Structures are given as structure tokens and as C-alpha cells.
Student: 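This is the structure I want to talk about, given as C-alpha cells.
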Number of protein chains: 2
Amino acid sequence: MSYAQLQLKNQLCHRLYMASNSIARTYRPLLADINLTYPQYVVMMALWEEDKITIAALIEKTAIDGSALTQILKKMTDKALLMVIKDESDKRKRLIQLTKQGQSLKQQASDIPNKIQCKFNSIDSTQAEQLMHLLDLVVHDLNNEELNMLDIEE
Amino acid sequence: MSYAQLQLKNQLCHRLYMASNSIARTYRPLLADINLTYPQYVVMMALWEEDKITIAALIEKTAIDGSALTQILKKMTDKALLMVIKDESDKRKRLIQLTKQGQSLKQQASDIPNKIQCKFNSIDSTQAEQLMHLLDLVVHDLNNEELNMLDIEE
DNA sequence: ACATTTTAATTTGCATGCAAAGTATTTGCA
DNA sequence: TGCAAATACTTTGCATGCAAATTAAAATGT
């Protein structure tokens, strides 16, 4: 009975770990068809929604780590999906802009959400929304915790 | 209105991506205190539950990728947390056994679940269970999908 | 104006996660 | 018996995720 909390089967975190990996594994072959990794796909989605934004805005929108993003953008530039442009009004900033090819990839990617959705057989849309809501709470709590700690230190 | 499914804010997968990363980031400093990474901690939890199991069993229990696990076990061996022993009855297999230090680390880790739980302020235990259940469904669906494909190919 | 601080990105080093290929062993079967 | 097929791992190569240190440029304070 002791240490019950240390049991893997009771841990929310381990569930998240497994689910996140499962999803990434599921996306990989689909994204390979259009020569993207999952984080790169996330970057593309962000840019398809709003093009020519700063790296900071991209970090905010995608939740991809900044230092990782630098490398990712480098590879995507090599693939001619986007360009990293200096912002002349503030030379610290960089603007990310899709190329024609980057823009046209949107059509080829348009069926991916459906293909993914088809794999969820035991979850209806209500449960999916519930799940998204709960995950938002998790993220909010964990990110807020960091803010709280900053408050305390001040 | 078009391409609504391609919007990040509507994607369950992106939520999972963010939540999983948030959790890992939250664990990191706590686990650093006992010199473990999150996957290493998962391995320890599995072994605290049941010691001297095969690598295959460890993969089954932890859901850590086999090739990654090989490397992880190597590092944990270097830290004298465990030993990788050849199974004499079947020389393909390896048995993983905790060292004294590995066993005693359990006490030092016993407060980590509570410390993590404390960070979840907006989620009660009912919601946590709900969340775990939904994540189980996700994992089940995505892993089953692979099985289904195997069925088809046969 | 000018030094200090803050911002925005990049670089570096380490630890996975994963697909694909490779290496022993053991099983299964003709 | 002997060899192909299945097992159980390991190795390799590539792409992150992240903390910490660095670099460059803009904002602030005096």
C-alpha cells in the first residue's frame, strides 16, 4: 500500500508522456509524405494562420522552445519553405515569411487533420473538447506555477 | 472559415504537445535534485514496483522506446543505480536489477508526486481521473491503429 | 550622452524518441 | 539435423526540447 503515488499506473504525467509520444508517432508517417516533422508542421500551421510574424510571436503561438526553433527554422529555410528576414525597424527581431512553396503546402496538408481524427475511434467530439479543456488547465497550472515563483522571488 | 481544422487552437494534438512539455519542464528541477531525468525516473518507478525484470518488460511497463532505453540504462548503470545482467536461461535477454543505491533512492523520491500534485491548482482528483481515462483512450486508439494496419497487411 | 538593463535570437551541450539496420540467440519446421 | 523465421537487444543517424551562456541591439535611467 505504501508509495502508491509512485506507481506508474496512477500517474497522470506518465499518461501524458505516453499520449504525446503516441501522437507524434502517429503523425510522423503522414507528415513524412510532405517532408515535415511535427514541430515543423506546427510552425507551418502557425504561419498559414498568420504570415510574416516575429520569432517571438511564433514561439508564443507554437509553444516551441526558442533555441530549438532557431534550428528548426534553419532547416525549413533550407527546404525553401520560409525565409528569415531582419526587421529593419528593430534589428534584434526577425520576421518569418512563407515562400510560395510554403504557402502552397497548405493544400497538401489540408487532409491531415481528418486522417488523424479518423484514428480516434473511442473518443467523440464532446470528449475531445473535454480533453482539450483539461489539458489547457494542466498547461495553465504548470506555467502559472513558474510565474508564481517569480512573484515570490521579487 | 476554411481550413478551420488546421488552426492550432483547435488541435488536440497541439494541446498534448504543450502539456507533455510543460510536465517535463516541471519535473526537471525536482528530478535534478536526485540526479535523474524524467525517463530515468520512469525507469526507477517501474523497478521500484518490480525489480529484476527483462528489458522487454521494462519497455512494456514504461512505454519508453527500446533503442532509447538501451542508452538510458547505460547511463543509469554508470550512475550505479542498476545493473544489466545476462539471463543465462535465454542469452538474448537481459535482466535489470537495482543496486542498493537504486533501491534507497526510492525514499528520496517519495515526496516528488506530492510536489507535482501541488502544482495542479485548477484540477481536482475527479478531473484528474477523467483526464487519465481520456488519455488512456487516446493511447489505446493510436496504438490499436497500428495493430489494425498490421491486420490489413496480413 | 553613456553606462546599465532588458529584449530578441543564437549557440552549445546533453538527453531523449524513433526509424532502420545490425547482431546474437532461440524457435520452428521441413 | 539444419536452416529460415522470429526474438531480444543494440547501434546509428537525425530531429527535437531545454538550460545556460553568448551576442547584438534597443530601451532606460542619470
Side-chain angles (χ1 to χ4, degrees), chain A residues 16-33 35-43 53-60 62-79 84-96 142-143 146 150, chain B residues 14 16-32 35-43 53-60 62-79 84-96 142-143 146 150:
Chain A
L16 271 167
Y17 168 85
M18 290 191 288
S20 176
N21 286 340
S22 285
I23 292 245
R25 258 196 312 278
T26 304
Y27 266 104
R28 191 165 296 108
L30 296 182
L31 292 175
D33 291 343
N35 191 28
L36 288 178
T37 64
Y38 184 70
Q40 288 169 15
Y41 173 61
V42 171
V43 168
I53 60 178
T54 64
I55 289 184
L58 204 49
I59 290 172
E60 167 73 19
T62 63
I64 294 175
D65 171 72
S67 53
L69 191 55
T70 297
Q71 311 303 322
I72 291 170
L73 290 176
K74 209 171 282 178
K75 283 166 195 161
M76 294 177 80
T77 301
D78 292 343
K79 287 194 272 195
V84 180
I85 307 162
K86 265 183 192 153
D87 181 338
E88 287 306 325
S89 71
D90 184 338
K91 292 179 183 171
R92 291 170 303 181
K93 298 183 181 175
R94 301 279 185 283
L95 294 171
I96 311 301
L142 299 183
N143 291 178
E146 292 161 26
L150 292 177
Chain B
H14 190 236
L16 271 167
Y17 169 84
M18 289 191 289
S20 176
N21 286 340
S22 284
I23 292 245
R25 257 195 314 278
T26 304
Y27 266 104
R28 191 165 294 107
L30 296 182
L31 292 176
N35 192 29
L36 289 178
T37 64
Y38 184 71
Q40 288 170 14
Y41 172 61
V42 172
V43 167
I53 60 178
T54 64
I55 290 185
L58 204 49
I59 289 172
E60 167 73 19
T62 62
I64 294 175
D65 171 72
S67 53
L69 191 55
T70 297
Q71 312 302 324
I72 291 171
L73 291 175
K74 210 172 280 178
K75 282 167 195 160
M76 294 177 79
T77 301
D78 292 343
K79 287 194 269 195
V84 180
I85 306 163
K86 265 183 192 153
D87 182 337
E88 288 304 325
S89 72
D90 184 339
K91 291 179 181 170
R92 290 170 305 181
K93 298 182 181 175
R94 300 279 185 282
L95 293 171
I96 310 301
L142 298 183
N143 290 177
E146 292 163 25
L150 292 178

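Any value given below was found using the heavy atoms of this structure, including those in side chains, with hydrogens, waters and symmetry copies removed. Predicted, not measured: the structure shown is a model, and the values here were computed from it. Lettering follows sequence order; numbering is per chain, from 1.
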Student: Under the rule for side-chain contact (heavy atoms from CB on, under 4.5 Å), what residues qualify as partners of A/Asp90, not counting sequence neighbours?
Tutor: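 With sequence neighbours excluded, A/Asp90 shows a side-chain contact (heavy atoms from CB on, under 4.5 Å) to A/Arg92, A/Lys93, given in chain and number order.
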Student: Give me the first and last nucleotide of DNA chain D, going 5' to 3', that has any atom under 4.0 Å from a heavy atom of chain B.
Tutor: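 First-to-last contact on DNA chain D, by the 4.0 Å heavy-atom rule, is D/dT7 to D/dA19.
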Student: Can you list everything that forms a side-chain contact (heavy atoms from CB on, under 4.5 Å) with A/Ala56? Sequence neighbours excluded, please.
Tutor: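 Scan of A/Ala56 (side-chain contact (heavy atoms from CB on, under 4.5 Å), adjacent residues dropped) gives A/Thr54.
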Student: Residues in side-chain hydrogen bond (donor to acceptor under 3.5 Å, both in side chains) with B/Lys79, at least two apart?
Tutor: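 Listed in chain order: B/Gln40.
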Student: Using a heavy-atom cut-off of under 4.0 Å over every strand shown, decide if B/Asp65 touches base, sugar-phosphate, or nothing.
Tutor: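 Base, at least one base atom sits under 4.0 Å.
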Student: Tell me every residue that passes side-chain hydrogen bond (donor to acceptor under 3.5 Å, both in side chains) with A/Arg28, counting only those two or more places apart in sequence or in another chain.
Tutor: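 A/Arg28: no side-chain hydrogen bond (donor to acceptor under 3.5 Å, both in side chains) contacts found.
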Student: What does C/dA15 pair with, Watson-Crick or G-U, if both distances are under 3.5 Å?
Tutor: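 D/dT16 is the nucleotide pairing with C/dA15.
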Student: Return the 5'-most residue of the pair A/Glu88, A/Ile64 with respect to DNA chain D, ranking by each residue's nearest nucleotide.
Tutor: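 It is A/Ile64, whose closest nucleotide lies nearer the 5' terminus.
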Student: For A/Leu58, is there any backbone N or O sitting under 3.5 Å from a side-chain donor or acceptor partner on A/Thr62?
Tutor: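 The answer is yes, because a donor-acceptor pair under 3.5 Å joins these two groups.
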Student: What is the per-nucleotide protein-contact pattern of nucleotides 7-12 of chain C, from the 5' end, where B denotes a base atom under 4.0 Å from a protein heavy atom, S denotes such proximity for sugar-phosphate atoms only, and - denotes neither?
Tutor: BSSBBB
Student: Output all residues satisfying side-chain hydrogen bond (donor to acceptor under 3.5 Å, both in side chains) with B/Asp87, sequence neighbours left out; order by chain, then residue number.
Tutor: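 Result, side-chain hydrogen bond (donor to acceptor under 3.5 Å, both in side chains) vs B/Asp87: B/Ser89.
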Student: For B/Tyr27, report the nucleic acid contact type (base, sugar-phosphate, nothing); a contact means any heavy atom under 4.0 Å.
Tutor: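 No contact.
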Student: Nearest nucleotide by nearest heavy atom, which residue falls closer to the 5' end of DNA chain C, B/Lys91 or A/Ala24?
Tutor: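 The residue mapped nearer the 5' terminus is A/Ala24.
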Student: For A/Tyr41, check ring pair (Phe, Tyr, Trp, His ring centres under 6.0 Å) against everything at least two apart and list the hits.
Tutor: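 Only A/Tyr27 meet the ring pair (Phe, Tyr, Trp, His ring centres under 6.0 Å) criterion with A/Tyr41.
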Student: Can you name the side-chain contact (heavy atoms from CB on, under 4.5 Å) partners of A/Lys86, sequence neighbours left out?
Tutor: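 Only A/Glu88, A/Arg94 meet the side-chain contact (heavy atoms from CB on, under 4.5 Å) criterion with A/Lys86.
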